[in-house]
Each structure stands twice: as structure tokens, then as C-alpha cells.
Trainee: 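Below you will find the structure I want to go over with you.
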Amino acid sequence: MTFLELKDLRIHFPSDDGLVKSVDGLSFRLERGKTLGIVGESGSGKSVTSLGILGLHKGGRAKISGEIWLDGEELVSASAEHVRTLRGKKMAMIFQDPLSAMHPFYTVGAQIMEAYRIHHDVSKKVARKHAIEMLDRVGIPQPDRRVDSHPHEFSGGMRQRAMIAMALSCDPELLIADEPTTALDVTVQAQILDLMRDLQRDFNAALIIITHDLGVVAELSDDILVMYAGKAIEYGTAEDIFERPEHPYTWGLLGSMPRLDRERTERLLPIKGSPPSLINVPSGCAFHPRCVYADRTGGRSTSDVPELLESEGGHLVRCHLSRDVRRAVWENEIKPNLEAS
Ligand SMILES: Nc1ncnc2c1ncn2[C@@H]1O[C@H](COP(=O)(O)OP(=O)(O)O)[C@@H](O)[C@H]1O
Ligand code: SF4
Ligand SMILES: [Mg+2]
């Protein structure tokens, strides 16, 4: 049995301007001990997906359909109450901005203790000891003193570590990290990514890392799912995505990946145009207004929505170009350009 499986998940929000199709038919599987990177530009539906898995859209305006299977239980049809009991214990989330997820008035230790005591019937003393151990585990110096600090007394990197400690305090089996390092500078970012890799190995959790930056997931992910306009457009092993990517949008992401030897903000070749409206999604392939290969598909790019089809060995691609053409373009046009830049 697969540990986590999404089947045709849709999360749509009614609005005055029409239906916002934030997640529109997303499917993937993830096993324990594995890491999935979900990558896409801002507005592609990554955060809505993660909040959806955690059941945080339940009871709101969102129209949710499809299936989310977690360890044999289906969560879309489960009650909000039941899914709440799974949060923290079975699954937990690390957010981009720890300040928004932590309470400013309580000490970091008190918040970890509270998270722990919801699921464990232990004394305050035991919970405090556990909180100190967790802070130590995530690399916070002098944890027995820092446990009594408030979130604002921590640096950005330390706060992110504290939030990871909070998320891990109940030993969740599924951990979702939504842009966990976006707000941090490059050095701290690398430290946090190293930490997450160590923890994932020690805890044998299934990990989902969500980011707009392919560079972040390059080292960490077993598999990578590239999202565009609420849909998966390419899915494969990290090797598939970096060594033999087949989707024009993925090529664009690779070209715009910040490089470690350059200023972080410098993008090599930004993808032209901007992400589409999720209310009036472009006809055919949602990427067609920005795709320089759209005119090579005999008009299908603007008229038919491409399916996500297997290219080879579990590598899935949503594009009307033939596999041979995609491979030839990658080998002869894109790859040499990336290597030269
Ligand atoms: N609660 C909501 N109500 C209406 N629209 C939403 C809501 N949450 C997100 N959206 C819209 O869904 C789209 C995807 O958002 P999000 O998942 O946050 O993107 P990202 O990939 O940057 O994380 C955006 O267009 C956003 O405006
Ligand atoms: S289907 Fe057409 S527009 Fe979409 S990525 Fe492929 S070539 Fe580009
Ligand atoms: Mg987001």
C-alpha cells in the first residue's frame, strides 16, 4: 500500500470573478522515507495542495474533489474533526514564515510542549525535556536556555529551526515543507536543507518539499513534480528532471534556476510572460501563450489540453510534442545552451 496517494485532486474556490481552479486534477504517490519536490512558479497551486492534504480547506469555501489516501485512509471524505486529529501526530507542516505559524506571546518551548502534549499524555516536566531535546536536535545552541525565549528573540534561521522542531515534536509520518528556506539567505538556506535531509533520514518520514526554485530540491528529492496552473506538467525522478527533462516549462525553470556561484537574485533566462489566470485558464495547453514550441504541434497546443503521459519508466510529461522531438530539442538546443551560460 502506498503511504500517500493523491488521485485527481481538485480544489476550486468560487469567487466574484468566477471559479479559481487552484488545483485541477493532481495525482501522485509518495512512500515513507522518500522525498518529493513540488516545483512551480508562484500561483501554480503548490500551497493550496499542501493545505488540502492537511485538511485545512475543509469547512471553507473550497470545492474539493478527488481522493487523498494517507496510510490507508481517505481524507477528502473524512470529517474535518478526524483530519484534525491526524495533524501534528500523523502529518505536520513547516511554513515559509515561522512568525506567522508561531504565537508571538508564548515562548518557543511552550509552543513545542503544547504541540507535544496534544498527542501525548505527559507531565509538563516531561514535555519540557522533550522540547529541549528537539531544539538540540535541530541545532539550536544552548537549548536549555533558548527553550524559554520568544520567537522574536530568534534569528530567521533559528526560528525556522524551531518551527522544524515544533513540526517534528510529535514524530509525524508525513512532513510537508512549504518554501521552507525562501525567506533565508543562501548560507542559512543550505544549513536548513542539510538539516532536513538528516532529519528525514532519522525519522523515516515521507517528506514533501514545495518550492519555486528547482535548485532547492535538486539534492534532496527522490522524485520531482513540476506544477503549472494547478496541474502536473512533468513528473519523474530527480535524474529524469535534471538529466532528461522533456517539458518546455521545465526547461524554462532549469534556465531560470539561480546558481550558487552567482548572486541569488540573478536569473539566467527568466521564463517570458507571467503565470496564467486560474479563472480563465488558456485553452489547450495552459502554457501555450508562453511556449516558443507551441507552433510546432499543428495547432493542438491551443485547442487540446494535453494529457500527462508516460515517456519512459515512470517519467510523465504533459505536452503535445512527440517524445522524439522533445528529446531532440533538449539534447540539441536547450542543454548546450544551459551548459554554455
Ligand atoms: N482561499 C483562497 N481563495 C481563493 N483563491 C485562492 C485561495 N487560496 C489560494 N487561492 C488562489 O489559488 C492560486 C494558487 O495559490 P497557491 O497554491 O498559494 O500558489 P503557490 O504555488 O504560489 O503556492 C492563486 O491564484 C491564489 O490566488
Ligand atoms: S503542449 Fe504545446 S504549448 Fe504546451 S508545452 Fe507542449 S509545445 Fe508548449
Ligand atoms: Mg505558496
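Atoms within each ligand, like the ligands themselves, are counted from 1 in listed order.
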Trainee: Between Arg296 and Glu333, does any NZ, NE, NH1 or NH2 come within less than 4.0 Å of an OD or OE carboxylate oxygen?
Mentor: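 Yes, charged N to carboxylate O under 4.0 Å.
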Trainee: For Val48 and ligand 1, does the shortest N/O to N/O distance drop below 3.5 Å?
Mentor: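 Yes - when backbone and side-chain N and O of Val48 are compared with those of ligand 1, one distance drops under 3.5 Å.
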Trainee: Going by the atom numbers of ligand 1, which of them fall below 4.0 Å from some non-hydrogen atom of Ser44?
Mentor: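 Heavy-atom distances to Ser44 below 4.0 Å select 19 (O), 20 (P), 21 (O).
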Trainee: Measuring from non-hydrogen atoms of Gly40 to any atom of ligand 1, is the shortest distance under 4.0 Å?
Mentor: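 Judged by the 4.0 Å heavy-atom criterion, Gly40 does not count as contacting ligand 1.
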Trainee: Per the salt bridge (Lys or Arg N to Asp or Glu O under 4.0 Å) rule, what does the pair list look like for residues 157-178, sequence neighbours excluded?
Mentor: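 Non-adjacent pairs meeting salt bridge (Lys or Arg N to Asp or Glu O under 4.0 Å): Arg32-Glu173, Lys90-Glu173.
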Trainee: Starting from atom 22 (O) of ligand 1, find the nearest protein heavy-atom neighbour and note its residue, name and distance.
Mentor: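 Going atom by atom, the protein heavy atom closest to atom 22 (O) of ligand 1 ends up being Gly43 N, 2.7 Å.
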Trainee: Would you call the rings of His247 and Phe287 parallel, tilted or perpendicular, taking 30° and 60° as the class edges?
Mentor: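 Rings of His247 and Phe287: tilted, 30 to 60°.
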Trainee: Are Arg137 and Asp202 within salt-bridge range, i.e. N to O under 4.0 Å?
Mentor: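 Between Asp202 and Arg137 there is a salt bridge, with a charged N closer than 4.0 Å to a carboxylate O.
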Trainee: I'd like to check Ile241 versus Glu234 (side-chain heavy atoms, cut-off strictly below 4.5 Å). Are they in contact?
Mentor: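 When only atoms from C-beta onward are counted, Glu234 and Ile241 do touch, with a gap below 4.5 Å.
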Trainee: Which N, O or S atoms belonging to the protein are less than 2.8 Å from atom 4 (Fe) of ligand 2?
Mentor: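 Only Cys285 SG fall inside 2.8 Å of atom 4 (Fe) of ligand 2.
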Trainee: Any carboxylate oxygen within less than 4.0 angstrom of a Lys/Arg side-chain nitrogen, looking at Glu312 and Arg327?
Mentor: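 Salt bridge present between Glu312 and Arg327.
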Trainee: As a test of the contact definition, would atom 17 (O) of ligand 1 count as having a protein heavy-atom neighbour under 4.0 Å?
Mentor: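 It does: a protein heavy atom is found less than 4.0 Å away from atom 17 (O) of ligand 1.
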Trainee: Where the closest heavy atom to atom 12 (O) of ligand 1 is concerned, which of Gly45, Ser22, Gly52, Ser277 has it?
Mentor: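 Looking at heavy atoms only, the winner is Ser22.
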Trainee: Who's the nearest protein heavy-atom neighbour of atom 3 (N) of ligand 1, and how far?
Mentor: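 Of every protein heavy atom, Arg61 NH2, 3.1 Å lies nearest to atom 3 (N) of ligand 1.
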Trainee: Do the side chain of His57 and the main chain of Thr49 share a donor and acceptor less than 3.5 angstrom apart?
Mentor: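 Not confirmed, His57 side chain does not pair with Thr49 backbone.
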Trainee: Indicate the atoms forming the closest heavy-atom contact of Asp222 with Gly33, along with that distance.
Mentor: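 Answer, listing the atom of Asp222 first, then Gly33: OD2-O, 4.4 Å.
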Trainee: Report the residue from Arg323, Arg318, Arg326 that forms a salt bridge (charged side-chain N to carboxylate O under 4.0 Å, His left out) with Glu246.
Mentor: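 For Glu246, the salt bridge (charged side-chain N to carboxylate O under 4.0 Å, His left out) test succeeds with only one of Arg323, Arg318, Arg326, which is Arg326.
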Trainee: Assess the residue pair Phe28 and Leu316 against the criterion (side-chain contact (heavy atoms from CB on, under 4.5 Å)); give the C-alpha distance rounded to whole Å, side-chain angles, the decisive distance to 0.1 Å, and a yes or no.
Mentor: CA-CA 11 Å; Phe28 64 78; Leu316 311 178; over 6 Å; no
Trainee: Using the side-chain hydrogen bond (donor to acceptor under 3.5 Å, both in side chains) criterion, which residues pair with Ser77? Sequence neighbours excluded.
Mentor: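 In terms of side-chain hydrogen bond (donor to acceptor under 3.5 Å, both in side chains), with neighbours along the sequence ignored, Ser77 is linked to Glu74.
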Trainee: Can you find a side-chain donor-acceptor pair between His103 and Gln111 that sits under 3.5 Å?
Mentor: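 No, no side-chain donor-acceptor contact under 3.5 Å.
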Trainee: Is atom 26 (C) of ligand 1 less than 4.0 angstrom from at least one protein heavy atom?
Mentor: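 Given the 4.0 Å cut-off, atom 26 (C) of ligand 1 does not count as touching protein heavy atoms.
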Trainee: Is there side-chain contact between Ile140 and Phe154, with at least one heavy-atom pair below 4.5 Å?
Mentor: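 A side-chain contact exists here, since the closest heavy-atom pair is under 4.5 Å.
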Trainee: Where is the nearest protein heavy atom to atom 5 (N) of ligand 1: which residue, which atom, and how far?
Mentor: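 Answer, as residue, atom name and distance: Phe13 CD1, 3.6 Å.
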Trainee: What protein atoms of element N, O or S are positioned under 2.8 Å from the Mg ion (ligand 3)?
Mentor: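 Counting only protein N, O or S atoms under 2.8 Å from the Mg ion (ligand 3), the list reads Ser47 OG.
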Trainee: What is the closest protein heavy atom to atom 13 (C) of ligand 1, and at what distance does it sit?
Mentor: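 Of every protein heavy atom, Leu278 CD1, 3.4 Å lies nearest to atom 13 (C) of ligand 1.
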Trainee: Show which atoms of ligand 1 fall inside a sub-4.0 Å distance from at least one heavy-atom site of Ser42.
Mentor: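 Near Ser42, the atoms of ligand 1 are 22 (O).
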Trainee: Are the side chains of His119 and Thr85 in touch, meaning some heavy atoms are under 4.5 Å apart?
Mentor: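 Side-chain contact under 4.5 Å: no.
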Trainee: With a 4.0 Å cut-off on N to O distance, would you call Asp148 and Arg146 a salt bridge?
Mentor: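 Arg146 and Asp148: not salt-bridged.
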Trainee: If you measure every N/O of Thr49 against every N/O of ligand 1, is any gap under 3.5 Å?
Mentor: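 For ligand 1, there is no N or O atom that lies under 3.5 Å from one belonging to Thr49.
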